Amino acid sequence: MARVVIIGAGISGLSLAWYLKALKPEWECLILEASSRVGGKAWTVLEDGFLCEKGVNGFLTNKPSSLALAAELKLPLYPANENSKRRFVVKAGRLVKLPEKPQEFLFSSLLSPLGRLRVLLEPFIAKNTSPEDESLASFARRRLGEEAFQHLIDPMAKGIYAGNPELLSLRYCFPRIFELEQTYGSLIKAMLSLKKQAAKQGKKGPGAGPGGHLTSFEMGMSQLTDSLANHLQGHIKLDAEAVELFKATASGQWRITTRKGETIDATHVVMACPARTAASLIAPHSPALSAALNNIDYPPVTVAALGFSKGLLKHPLNGFGFLVPEKERRSILGVLWDSSIFPNRAPEGYSLLRILVGGARARELAYLKDNDLLNRVKKELQELMGIHAAPEFVRIFRWDEAIPQYNIGYGNLLSCLQQESKHLPNIHMRCNWIGGVSFNDCIANSQDLAKKLAAT
Ligand SMILES: Cc1cc2nc3c(=O)[nH]c(=O)nc-3n(C[C@H](O)[C@H](O)[C@H](O)COP(=O)(O)OP(=O)(O)OC[C@H]3O[C@@H](n4cnc5c(N)ncnc54)[C@H](O)[C@@H]3O)c2cc1C
């Protein structure tokens, strides 16, 4: 009988076990988790009445996987309120609202008249036919112009990847946008065509943003991972860091050793852990794959959660929050006005803000000592939002390896993985460094692997 051992109890590992149990209840399935909790980057804490997300804020409903999993677990959703549609970007030290609809771009002060005109030329720009991997920055400059890149695309790269758009690969970070250019030759033409097709079916076409509605759970994102863990009781081993992987028998069985010295045999091993861990486990069996995995960049991000008495804030906080383009030369990546979109995130009379610092272009800032970090953050909140009050609640959460960067050259890792997998029977990889970083992608990829494994 198959015995699947999954390394890592983040959403990738947990959802994989969930789907495997549904498809193959007779199989043995065990998750090894290095830490003393499940959830990985999904980690909600309730302290002094503030419900803080250390990592994942929520998921978008434009993809079905998180919604479907929540429905299977019978978890009621907690959608963000209408404020979540109002997003801001900093321009020349002020917050400017991002257009919600494509036509609003034409009147938005985010771009100068010339910058807007340049965007309108987009349908006349030839599509990229080079087989070379193109960076997000190069794509955006080529199709939309420098201004749109700086004020729209650069902050988007920060918001999703805390990344550097000069390095992020368009094809692997935003495969849908890559496909749209390849299929329609232009993003504007693609949008018009998709709108037309949608209208024919009585549906709404794509908008200006990523689409979908930001959604979470009343007690935060940990509610989903905790619920999965409850259903998987007896199948998760905490404080069980996998440190070694070797072939146990000539028949191809694998054996895993944990830091505590336990050994666990498996017919199938799934690495649902960060690339660095996978690299170290796989090194004796495939030095090439190990090296490729070690090449994935994971910049650090620090999250400062600050609670303010509402009476002391002059700012209306009537939106999702804001992102800061690189051009603005600020210390922070962006600010999420959590309690404005999920009102129960702060106690009555208070607001909760989460400020993100660090990422691919400002790693050193993520490592600032608490006090230095807070001083920088407070100065920027003062300058950008007019907040002079001192926060009454302060928590700082640090991720040394936050979000994997699908940088130029990422395709080499995929080729190497494909090549080396031939010599690694029944070893699989499923984590956010492959197939998408979003919660939705992690769940969809795990479901896909569960189906493949069940079919073998
Ligand atoms: C600050 C931040 C905010 C984010 N916000 C969002 C958001 O709003 N929406 C969204 O869609 N995505 C968001 N993301 C991305 C998303 O959180 C992740 O991509 C996703 O949660 C990753 O899940 P995972 O299971 O693939 O990996 P992880 O969550 O990293 O889980 C990996 C697990 O493996 C364990 N592990 C590591 N080594 C070993 C070992 N040797 N043995 C056993 N176990 C091991 C770890 O302890 C961990 O539990 C955010 C990420 C960060 C950092």
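For ligands, and for the atoms within them, numbers begin at 1 and follow the listed sequence. Just so it is clear, the structure is predicted and the values come from calculations on it, not from any experiment.
- Nearest to atom 23 (O) of ligand 1 among the protein's heavy atoms is I11 CG2, 3.5 Å.
- Applying side-chain contact (heavy atoms from CB on, under 4.5 Å) to N407 and the options L413, D133, N295, L167 leaves one that passes, L167.
- For ligand 1, the atoms sitting less than 4.0 Å from at least one non-hydrogen atom of L32 are 43 (C), 44 (N), numbered in the order shown with element in parentheses.
- Distance from atom 45 (C) of ligand 1 to its nearest protein heavy atom, with residue and atom name: A34 CB, 3.6 Å.
- Scanning the protein heavy atoms around atom 11 (O) of ligand 1, the nearest turns out to be F439 N, 2.8 Å.
- Protein heavy atom at the shortest distance from atom 31 (O) of ligand 1 is G10 CA, 3.5 Å.
- Atom CH2 of W399 and atom OG1 of T302 lie 11.0 Å apart (nearest 0.5 Å).
- If you check which protein heavy atom lies closest to atom 26 (O) of ligand 1, you get S12 OG, 2.6 Å.
- In terms of protein heavy atoms, atom 38 (N) of ligand 1 is closest to T277 OG1, 3.3 Å.
- Proximity to G40 (heavy-atom distance under 4.0 Å) selects the following atoms of ligand 1: 29 (O), 31 (O), 48 (C), 49 (O).
- For A240, the heavy-atom gap to ligand 1 drops under 4.0 angstrom.
- Close contacts of ligand 1 with S438, meaning ligand atoms under 4.0 Å from a residue heavy atom, involve 11 (O).
- When the options V56, L333, L281 are ranked by their closest heavy atom to atom 13 (C) of ligand 1, first place goes to V56.
- The shortest non-hydrogen separation linking G436 to Y406 is N-OH, 2.9 Å.
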Run the ring pair (Phe, Tyr, Trp, His ring centres under 6.0 Å) test on Y172 and Y410 for me, step by step, so that the C-alpha distance in whole Å, both residues' side-chain angles and the decisive distance to 0.1 Å come before the verdict. CA-CA 7 Å; Y172 296 107; Y410 177 82; 5.2 Å; yes
List the atom pairs, with distances to 0.1 Å, where a side-chain N or O of residues 231-241 and a protein N or O form a donor-acceptor pair under 3.5 Å, not counting sequence neighbours.
| unit_1 | atom_1 | unit_2 | atom_2 | d |
| --- | --- | --- | --- | --- |
| H231 | ND1 | S227 | O | 2.9 |
| Q233 | NE2 | N230 | OD1 | 3.4 |
| H235 | ND1 | C29 | O | 2.9 |
| K237 | NZ | E262 | OE2 | 2.7 |
| E241 | OE1 | R259 | NE | 2.9 |
| E241 | OE2 | R259 | NH2 | 3.4 |

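- Figure legend: R87 and F320 shown as a cation-pi pair, the cationic atom lying under 6.0 angstrom from the six-membered ring centre and within 45 degrees of its axis.
- Contacts between I403 and ligand 1 below 4.0 angstrom, taking non-hydrogen atoms only, involve the side chain exclusively.
- Checked by atom type and distance alone, the side chain of E104 pairs as donor or acceptor with a backbone atom of E100 at under 3.5 Å.
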Exercise answer: donor-acceptor pairs, residues 449-456 side-chain atoms, under 3.5 Å, sequence neighbours excluded:
| unit_1 | atom_1 | unit_2 | atom_2 | d |
| --- | --- | --- | --- | --- |
| K452 | NZ | D448 | OD2 | 3.1 |
| T456 | OG1 | L453 | O | 2.5 |

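- Remark: T44 OG1 to E218 CD distance equals 12.5 Å, nearest 0.5 Å.
- With distances taken over non-hydrogen atoms, the option nearest atom 16 (C) of ligand 1 out of I443, V437, N432 is V437.
- Taking all heavy atoms of G8, G58, P274, G436 into account, the minimum distance to atom 37 (C) of ligand 1 is reached by P274.
- Applying the 4.0 Å criterion to heavy atoms of E241 picks out, from ligand 1, the atoms 40 (C), 41 (N), 42 (N).
- Of the protein's heavy atoms, E33 OE1, 3.3 Å lies nearest to atom 35 (C) of ligand 1.
- Among L214, N57, I6, V38, the residue whose heavy atom sits closest to atom 8 (O) of ligand 1 is N57.
- The option with the heavy atom closest to atom 21 (O) of ligand 1, from among K41, R276, R398, R354, is K41.
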Can you list the steps and then say if W337 with H315 is a ring pair (Phe, Tyr, Trp, His ring centres under 6.0 Å)? CA-CA 11 Å; W337 301 338; H315 198 283; 5.0 Å; yes
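- Of the N or O atoms in I7, none lie within a sub-3.5 Å distance of an N or O in ligand 1.
- Annotation: atom 32 (C) of ligand 1 to nearest protein heavy atom, A272 O, 3.5 Å.
- Below 30°, between 30° and 60°, or above 60°: for F393 and F50 the angle between ring planes is below 30°, a parallel geometry.
- With W43 as the aromatic partner, R37 meets the cation-pi criteria of under 6.0 angstrom to the ring centre and within 45 degrees of the ring axis.
- In this pair, W254 and H285 present their aromatic rings perpendicular. The plane angle is above 60°, beyond the 30 to 60° band.
- Which of A242, S216, P300, G55 comes nearest to atom 41 (N) of ligand 1 through a heavy atom is settled by distance: it is A242.
- Proximity to A402 (heavy-atom distance under 4.0 Å) selects the following atoms of ligand 1: 53 (C).
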